[in-house]
Amino acid sequence: MSSRVKFVDFAAKKESLASKDKPLQVINSKGEIINKEIFDQYSDEELVDLMKLMVWERTLHQRSNALTRQGRLGFYAPTEGQEASEMGAQLAFKKNDYLLPAYRDVPQLIKHGLPIWKAFLWSRGHVLGNDFEEEGVVGLPPQIIIGAQYVQAAGVALGIKKNGLTDTVAYTFTGDGGTSQGDFYEGINFAGAYQVPAVFFVQNNGYAISTPRHVQTAAETLAQKAVAAGIPAVQVDGMDILAVYEVAKAARDYAAGGNGPALIESLTFRFGPHTNAGDDPKRYRSTDEEKPWFDSDPLIRLRKVLMDKKVWSEEIENTYIEEVKAEIKDAVKKADEAPKQKVSEFLENVFEEPTPDIVEQIAAFKAKEAK
Amino acid sequence: MAKMSYIQAITDALRVELKNDDKTLIFGEDVGKNGGVFRATDGLQAEFGEERVFDTPLAESGINGLAMGLALQGFRPIPEIQFFGFVFEAMDEIAGQMARTRYRMNGKVGLPITIRSPFGGGTHTPEMHADSLEAVVATVPGLRVVTPSNPYDAKGLLISAIKNNDPVVFLENLKLYRSMKDEVPEGEYTVPLDKAKVVREGTDITIIAYSAEVNESLKVAEKLEKEGKSVEVIDLRSLSPIDTDTLVASVNKTHRVVVVQEAQRMAGVAAKVVSDISERAILALDAPIGRVSAPDTIYPFGLAEDDWLPGAAEIEEKVREILDFN
Ligand SMILES: Cc1ncc(C[n+]2csc(CCOP(=O)(O)OP(=O)(O)O)c2C)c(N)n1
């Protein structure tokens, strides 16, 4: 038995798993245009709009960070570094598309129609922040349970298909860590099995809290995970907004065209801590590792291109930042005006019709609240 | 003896058992280099190496299934669920698999797993980080569920849990992690896994509580003492099994009882305690059994937490009502 011919070579099979694709990139970290064909499709105004989206998100981040430190916001997951990844993706979708975000995807949710003041109320832990109906926002509040949104996205997309909605998709986000959950695999598998109009977006920012990407999986890329679900997937330079927009738009067109789901792995980096609740990246990341990522800041490269084209300047940027800050200031004011939440109201929202035991509890809390 | 916080006592128990038994393994999300998001495993990877203390991929079902597999290979796994709100992800591996294995294998295969997880409200965490889901596991045959209310018990109970040959869910109260310090003995000692503790003796009424609500109950007992009312406080410590003997002995002495839980009224540990007392001591009672719990809503959004959580004020109100009953 020992000298049998080896007709299945698993070692060679393993070698063959190596990814052959390169992540799409249009502008590199030095601000050089390396894919002119794509770049030339964009007018100056479009490029400026992309820049503005990133400046908007960076400013929202900086203000959110400061407000959290002052105790004026509650839960906040910093987005600095992920502006190209988040805004490039968001821009590719339409208002009627169904968004299932995670906690780091608040900027996309705002651009999808949620007023900033409501996003702030969500952060503070006020249920009014999740009242999407009065705003007509098509989607769900940020998901806290890692991966849960992925399975739901398959369901929403199947519903879209069954309802015969045209030019409509479901789109959802998770992080690199999220791709380890059973829910991730189940979600993409169901979406593939039913060939539904869903776009799965993975923001690989290198870490799940302190856990580096390589601990999550032996797969060489996260995009490869889609192969087993029969779904096409690509990697993209997540620090390059043109590239991200390009692949997100292509994925949306593909899914909306009735071809089934698609998946994108965006290679990005979280510049700051995981959340503002005590995480310290110094415990698990070296400055040597951070440096090249900080150098590939998505704002730096597009800013350089735009300045070379003389369509952007420090002054334009600063003026725009002031506008965004004013918008945020108004939002804080509006959030401050939200009525205090009452336990009796929570009780009223447990079921459509309060059950008899809950009716009793409502009465007890109302009496207490009246004092 | 050394003064330790609740979380330091937990780290210390883990260190003692990593040292005493080379089959113990600690794993979970961010427990390695980062030492856990609360630092409960701080320094343990550096001290015992990556073979003994390691990070896992992000998947609670995976973590607990891994624990079961490792236990089958003779290890003594101590997996962590980063927040107990994420236990739903792992319910099959815990309740559907681990809990049933001894029975399935005709009593021959025990799974010495200790699932550690922080729970409990009042610290303004995001959704699913503060829920009191203990009843979800305490109603599963084959699982032990314990939860300490102070640093001394935290260390002793955790050591007992690790040494026990059945799966134990060990729930750590988030709010207590850094808010209290105690004298804690060095080295190994144990606190029994299925014994409640009379933490304050009294003769007029018994308050039965667990975890952070024990401290709330003690506040009430101290306040009422000034009015000449003698309140006994019992810390359940074990939620499954319930130490009914200790409860009944107390009720036979005081004849009045209030049961306190932070969880919603419908989410059952207090309900179990009430029915145990009804079955075994109803004739000793001079008043109906009082129950303090949160209302039957989803755990509320952060801003409303304090209005929702039952604390000393709600306990005091109920204790007075039961004391005044004639
Ligand atoms: C089911 C579940 N498990 C664990 C957590 C705790 N947790 C919150 S964020 C996080 C890391 C997520 O990493 P990743 O998916 O890479 O996304 P990122 O935060 O980097 O955007 C963990 C473990 C959670 N919220 N839900």
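Numbered from 1 within each chain, the chains take letters A, B, ... in sequence-line order.
Comparing A:Q181, A:K368, A:Q216, A:R124 by how many heavy-atom pairs each has under 4.5 Å with chain B, the most go to A:Q181. Interface remark: of the candidates A:G125, A:G278, A:G182, A:A364, A:G125 forms the most heavy-atom pairs closer than 4.5 Å to chain B. Ranked by heavy-atom pairs under 4.5 Å with chain B, the first of A:V350, A:I209, A:I144 is A:I209. The candidate from B:N34, B:T297, B:D307 with the greatest count of non-hydrogen atom pairs under 4.5 Å with chain A is B:N34. Of all the listed residues (B:G32, B:G62, B:P295), the one sharing the greatest number of non-hydrogen pairs under 4.5 Å with chain A is B:P295. In terms of heavy-atom pairs under 4.5 Å with chain A, the best-connected choice from B:M128, B:H124, B:E89 is B:E89.
The aromatic rings of B:Y177 and B:F38 sit tilted relative to each other, their planes meeting at an angle between 30° and 60°. Between A:Y284 and A:Y207, the ring planes are tilted. Angles from 30° to 60° get that label.
Among all heavy-atom pairs drawn from A:Q224 and A:A219, the shortest one is OE1-C, 4.1 Å. A:S266 and A:S85 make their closest contact through OG-OG, 2.8 Å (heavy atoms, listed as atom of the first residue, atom of the second, distance).
When heavy atoms are compared at a cutoff of 4.5 Å, A:L347 approaches chain B by way of both its backbone and its side chain. Of the atoms belonging to A:F365, it is side-chain heavy atoms, and not backbone ones, that fall under 4.5 Å from chain B. Contacts of B:T125 with chain A are absent, with no heavy-atom separation under 4.5 Å from either backbone or side chain. No part of B:E305 comes within reach of chain A, as not one of its non-hydrogen atoms sits under 4.5 angstrom from that chain. Neither the backbone nor the side chain of B:Q264 comes within contact range of chain A, judged by heavy atoms closer than 4.5 Å. Heavy atoms of A:D357 lying under 4.5 Å from chain B belong exclusively to its side chain. When heavy atoms are compared at a cutoff of 4.5 Å, A:N130 approaches chain B solely by way of its side chain, counted from C-beta outward.
B:R52 and B:T24 share a side-chain donor-acceptor pair at under 3.5 Å. In this structure, a donor-acceptor pair under 3.5 Å is absent between the side chains of A:E186 and A:Y150.
Rounding to the nearest 0.5 Å places CD of B:E314 at 11.5 Å from CH2 of B:W308. Here CG of A:L109 is found 4.5 Å from CZ of A:F132. Values are rounded to the nearest 0.5 Å.
Heavy-atom neighbours of B:E50 CD from other residues, nucleotides or ligands within 6.0 Å: at or below the threshold of 12.
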